[in-house]
Student: 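Next up is a structure, given as structure tokens.
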Number of protein chains: 2
Amino acid sequence: MPNDDADRLFTFFTEIGIIAQLSRAAFEARLPDGMTLPHFTVLNHLVRLGDGCTPLALARAFQVPKTSMTNTLSGLERKGLIRIQPNPEDGRSKVVTITSAGRKFRDSAVVAAAETFGPMVEKFPAGWIETLTPQLAEIRAVMDRARDDGPN
Amino acid sequence: MPNDDADRLFTFFTEIGIIAQLSRAAFEARLPDGMTLPHFTVLNHLVRLGDGCTPLALARAFQVPKTSMTNTLSGLERKGLIRIQPNPEDGRSKVVTITSAGRKFRDSAVVAAAETFGPMVEKFPAGWIETLTPQLAEIRAVMDRARDDGPN
DNA sequence: TATATTTAGTTCGATATCGTACTTTATTGG
DNA sequence: CCAATAAAGTACGATATCGAACTAAATATA
């Protein structure tokens, strides 16, 4: 790879990183007390894609180590936003379900997100989000595959 | 903001966040021992934009709290990759300079980056990086401005 | 000039992240 | 059926991140 290509790539990932950091900080600033973005993200996933998945499935969905997911889930359970129960179909694993308090919290966080990002998005050029998102999704998919191939 | 818009926004930032996470993990896996992405990013900044800036300037450049920058810099100094000296022009502040070991390290990390991202980028659709990067930069600029306006 | 305010940096404490190693349960191969 | 291996989850330790409060130095104000 020529050096210029490396530079461009690096710039690209740097922009991605800074946007991720800024959006996370902006969103978390609106969240109550000890709640973090991962907490909300998990609740959102449970609402949108359904209950009853295992901790490991969640860890894979968000590309985090399972120890990180253990920590996130225990925080949510401590706050009464989810329940973690033994999996009747597999003694090794558990099943995560969202509580009604969890649903309520998620809904109010969606409102918070709207308030955080609403004023911002009005200033983005029209249609960018719609065209960028699928492109980013594809880039993500490529990176996922590269990762699955393992480090060669 | 309608709910659909909120959803789209959320999806967008989620993709951004996952790409940031994947790229960081892929890159750090190539870095020796205790080196992190922020370590490299600071060295890269010193090489590309020049030596002799203050810790606070670096913290602002990367949008991190100054306490985080203190930690990053002390790690780099411990490894002999930078020097931190008193600022002769301002008794409160310090001046950061990169050592030759730091330069050498940065150069080899650039190679590592090329090896990490080279095989990946070949699989991205041609030209995407070139068109996406300026768009992301503009989105980032909008978010920066929104942040500077402060919480209203 | 004397005091108040602002600025740069650090220290400290709380929490997040994540790798390693472990326990428990399932699955596989003989 | 039994041993070997794999898989799910957790405990633990190391480090990163970051907010609050602090110190020291510079600047503003009276």
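Bear in mind the structure is a predicted one, so any value in this text is a computation, not a measurement.
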Student: Rounding to an integer number of Å, can you tell me how far A:Leu58 CG sits from D:dG9 C1'?
Tutor: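 Value for this atom pair: 13 Å.
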Student: Has the side chain of B:Lys66 got a donor or acceptor atom sitting under 3.5 Å from an opposite partner on the base of C:dG9?
Tutor: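 Indeed there is one.
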Student: For residues B:Thr70 and B:Pro55, determine if any side-chain heavy atom of one lies less than 4.5 Å from a side-chain heavy atom of the other.
Tutor: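 They are not in side-chain contact.
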Student: Side-chain N or O of A:Arg60 versus OP1/OP2 of D:dA8: is the shortest distance under 4.0 Å?
Tutor: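 Checking A:Arg60 against D:dA8: at least one side-chain N or O falls below 4.0 Å of OP1 or OP2.
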Student: Of A:Glu89 and A:Pro38, whose closest DNA chain C nucleotide lies nearer the 5' terminus?
Tutor: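 Whichever sits nearer the 5' end wins; that is A:Pro38.
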Student: Rounded to the nearest angstrom, tell me the gap between atom CD1 in B:Ile84 and atom C1' in C:dA8.
Tutor: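 Distance, rounded to whole Å: 13 Å.
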Student: Check the phosphate of D:dC18 against B:Ser68, side-chain N and O only, distance under 4.0 Å to OP1 or OP2. Yes or no?
Tutor: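 Yes, within the criterion.
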Student: Is the ring centre of B:Phe105 less than 6.0 Å from the ring centre of B:His39?
Tutor: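 No, ring centres 6.0 Å or more apart.
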Student: Regarding A:Ser93, tell me which of base, sugar-phosphate or nothing describes its non-hydrogen contacts under 4.0 Å with the strands shown.
Tutor: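 Contact class for A:Ser93: sugar-phosphate only.
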Student: Looking only at the side chain of B:Thr67 (C-beta and beyond, no hydrogens), which of the listed nucleotides D:dA20, C:dT17, C:dC18 gets closest?
Tutor: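 Nearest nucleotide to the side chain: D:dA20.
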Student: Need to verify one output field. Residue with the more 5' nearest nucleotide on DNA chain D, B:Gly91 or A:Thr54?
Tutor: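 Closer to the 5' end of DNA chain D: A:Thr54.
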Student: Rounding to a whole Å, what distance do you find between B:Asn71:CG and C:dG13:P?
Tutor: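 Atom-to-atom, B:Asn71 to C:dG13, this comes out as 16 Å.
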Student: Mind calculating the distance between CE (B:Met69) and C1' (C:dT11) to the nearest angstrom?
Tutor: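 Value for this atom pair: 18 Å.
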Student: For the side chain of B:Arg92, counting heavy atoms from C-beta on, which of C:dT11, D:dA24, D:dA7 is nearest?
Tutor: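 Selected nucleotide: D:dA24.
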Student: Tell me if the centroids of the rings in B:Phe117 and A:Phe12 come within less than 6.0 Å of each other.
Tutor: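 So the answer is no for these two rings.
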Student: Return the value, rounded to whole Å, for the distance between atom CG of A:Asn87 and atom P of D:dA7.
Tutor: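 After rounding, the reported distance stands at 17 Å.
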Student: Can you measure B:Leu73 atom CG to D:dT17 atom C1' for me and round it to whole angstrom units?
Tutor: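 Going from B:Leu73 (CG) to D:dT17 (C1'), I get 14 Å.
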Student: Which of the following nucleotides, C:dG9, D:dG9, D:dC18, is nearest to the side chain of A:Thr70?
Tutor: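 Comparing C:dG9, D:dG9, D:dC18 against the side chain of A:Thr70, the answer is D:dG9.
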Student: Check the distance between D:dA26's P and B:Asp90's CG and give it to me in whole angstrom.
Tutor: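 Atom CG in B:Asp90 sits about 6 Å away from atom P in D:dA26.
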Student: Expressed in angstrom and rounded to an integer, what is the separation of A:Leu31 atom CG from C:dA16 atom P?
Tutor: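 One finds 12 Å between P of C:dA16 and CG of A:Leu31, rounded.
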Student: Establish whether B:Leu136 and A:Phe124 are linked, either directly or via other cluster members, by ILVMFWY side-chain heavy-atom contacts under 4.5 Å.
Tutor: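 B:Leu136 clusters together with A:Phe124.
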Student: Do B:Leu56 and B:Phe62 sit in one hydrophobic cluster, given that two such residues count as connected whenever their side-chain heavy atoms are within less than 4.5 Å of each other, even indirectly?
Tutor: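 Different hydrophobic clusters.
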